Amino acid sequence: MLSRRAFIIKGTEVLLGLSVPLLGHDRVSIKEVLGIVHVFGDGAKLDTLSIAYNTEISRVHKQDFKVLGRLITDVYISQDARGEKRVASGKFVILKLKEPKLALLTSIQHHKPDPQHKKKFVAGGKPGHTLKLQTPTAQLVETKNSQKIWKLSRVSYPIIENFKAFTFEDKILRRTLRYNLFIPKHQNNQPLPLVLFMHDAGTTGTLQQATLLQGLGALIWAHPEEQRKRPCYVLAPQYDEIVVDDNSQASAMLDVTMHLVQEISQKYPIDTSRIYTTGQSMGCMMSIALLIKYPHFFASAFLVAGRWDAHLCDPLAQDKFWLLTSSDDMGSFAFSNAIIERSERRRAKVAKAIWNGKWDQVRFKQACQEMIAQNAPINYAVFQKNSLLGTDKISAHRNTWRIAYTIEPIRAWLFAQRLEKD
């Protein structure tokens, strides 16, 4: 039988054996804190901290930590720094933070906005703003040691880091265009589709990765889960000038973009019967202009919150595309209606629907299936009035693309289209 002293020592050994992987033990210490930035529909935000420890951890609680000025929504253990998988024990503790309201990519206006005069974009002109990427910051405190404040050792940008930055020199037009390219993992070097994404005028600038930071338009196609279902190349140019304007005029950069797509299509094993174009606002307008100027090149298009002179859009009646806008978006809605009306006059079959921007993904899937069942080459969906969150008119415009690229059935429909070659 154990003596009282031996019992206490033995009991202490058991307790220590259990507490070694817990945060309260002195031998458990933080090595570094990694900040992880994810991109949401309205931009890139720091929403995850990855805490690397010197030994494996087997139990963790929210109350073990504080992040100054932020709310911790979840905590779990992982064996990898990015926290891709929850495990029972590992050397990384992952803190999920409540999504902040403001994105890291900001726009600094060169002049104060004049409420009496609407800002006008002119094709070929420079933007009236400068883009800046704010440095992500966070201050972490372990409740067991509240005197020590940990700051971020480094920051990771998942998916964005998988894009490569290049510069295209157009020898014909003598223009330069920076672009980002996602190169998928190939199996047997089989040709794969290419998605061209073009950003809005508000993202115009010299920061090459701005188009990847502003929202999901480019990144969603390169997401690991998306790549497992629909592997493809993703091309995301970064424009430093306004390429198209509200007068349906385009700068030479429209043709430079086409020359870039043609070069990429020849340089990499790309299925030329499955090249898709998509874009939001200015990028949507560029897609329309490319469809008109270069017929029978793109297999289909996803057009989000754009406009174009309907009298120029008769060739679209021969194309396959999905057009999405909001009835509260006066800059896009009327023009989109006119484009669809002209397509119908030319006997194009169009599937139409009114959607609620507050739907969840289950309801969006059902709504898409109802449209796709009509087997129309043109799909036209409109968000009904007051269904997009926001307090001003411009929010209905921007919120259209914040939702648009999250709707998976549209992406699946796009990839189901093939160019019918002669």
Side-chain angles (χ1 to χ4, degrees), residues 37-45 103-105 107 131 133 157-163 165 177-182 193-205 207-227 230 232-239 242-244 257 260-261 275-291 298 300-307 321-326 329 332 357 361 364 381 383 388 394-415:
V37 174
H38 291 108
V39 178
F40 298 82
D42 58 347
K45 301 176 183 181
L104 294 170
L105 183 65
S107 177
L131 298 177
L133 178 62
Y157 294 81
I159 305 180
I160 289 179
E161 294 169 349
N162 296 332
F163 280 77
L177 175 59
R178 289 185 292 272
Y179 67 96
N180 306 280
L181 182 65
F182 175 82
L194 168 68
V195 175
L196 166 66
F197 169 76
M198 294 171 289
H199 60 73
D200 56 290
T203 310
T204 304
L207 181 62
Q208 181 151 353
Q209 291 183 319
T211 185
L212 306 179
L213 293 160
Q214 58 77 36
L216 295 172
L219 257 61
I220 190 64
W221 313 97
H223 191 283
E225 184 176 345
E226 191 76 10
Q227 283 289 311
R230 292 172 282 274
C232 66
Y233 289 82
V234 185
L235 173 60
Q238 179 59 49
Y239 302 101
I242 304 302
V243 184
V244 294
T257 301
L260 169 60
V261 173
I275 298 178
Y276 310 108
T277 182
T278 184
Q280 59 202 34
S281 195
M282 182 182 81
C284 171
M285 296 159 68
M286 291 182 66
S287 289
I288 293 174
L290 287 172
L291 290 172
F298 295 97
S300 62
F302 183 24
L303 310 173
V304 182
R307 60 188 287 172
F321 61 88
W322 198 302
L323 178 56
L324 183 60
T325 189
S326 166
D329 186 352
S332 170
Q361 289 301 316
F364 276 125
F383 289 122
L388 294 181
I394 194 65
S395 64
H397 181 59
R398 292 172 178 163
N399 284 342
T400 301
W401 63 76
R402 291 174 183 175
I403 296 174
Y405 291 102
T406 69
I407 305 174
E408 183 181 6
I410 297 180
R411 304 195 301 271
W413 175 88
L414 194 76
F415 269 60

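Numbers here simply count residues along the sequence, with the first being 1. What's counted below: heavy atoms across the whole structure, side chains too, no hydrogens, waters or symmetry copies. Just so it is clear, the model here is predicted, and its values are computed rather than measured.
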Reference residue Tyr405; test side-chain contact (heavy atoms from CB on, under 4.5 Å); the match among Thr278, Leu324, Leu219: Thr278

Contacts of Gln208 that satisfy side-chain hydrogen bond (donor to acceptor under 3.5 Å, both in side chains) - sequence neighbours left out: none

Residues which pass side-chain contact (heavy atoms from CB on, under 4.5 Å) with Ala103, listed by chain and number, not counting sequence neighbours: Lys45

Partner residues of Tyr233 under the ring-ring contact (aromatic ring centres under 6.0 Å, His included) criterion, sequence neighbours left out: His186, Tyr268

Partners passing ring-ring contact (aromatic ring centres under 6.0 Å, His included) against Tyr276 (at least two apart in sequence or in another chain): Phe415

Set of side-chain contact (heavy atoms from CB on, under 4.5 Å) partners for Thr325, sequence neighbours left out: Asp329, Ser332, Phe333, Ser336, Tyr380, Val382

Pairing residues for Asn162 by the side-chain hydrogen bond (donor to acceptor under 3.5 Å, both in side chains) criterion, not counting sequence neighbours: none

Residues which pass ring-ring contact (aromatic ring centres under 6.0 Å, His included) with Phe182, listed by chain and number, not counting sequence neighbours: Phe163

ring-ring contact (aromatic ring centres under 6.0 Å, His included) partners of Phe321, counting only residues at least two apart: none

Any residue meeting side-chain hydrogen bond (donor to acceptor under 3.5 Å, both in side chains) with Thr204, in chain and number order, not counting sequence neighbours: none

For Arg402, all residues meeting salt bridge (charged side-chain N to carboxylate O under 4.0 Å, His left out), sequence neighbours excluded: none

Residue pairs involving residues 214-225 (criterion salt bridge (Lys or Arg N to Asp or Glu O under 4.0 Å); sequence neighbours excluded): Glu225-Lys229

Test side-chain hydrogen bond (donor to acceptor under 3.5 Å, both in side chains) applied to Asn180 - qualifying residues, sequence neighbours left out: none

Shortest non-hydrogen separation from Gln209 to Ile160 and the atoms involved: NE2-CG2, 3.7 Å

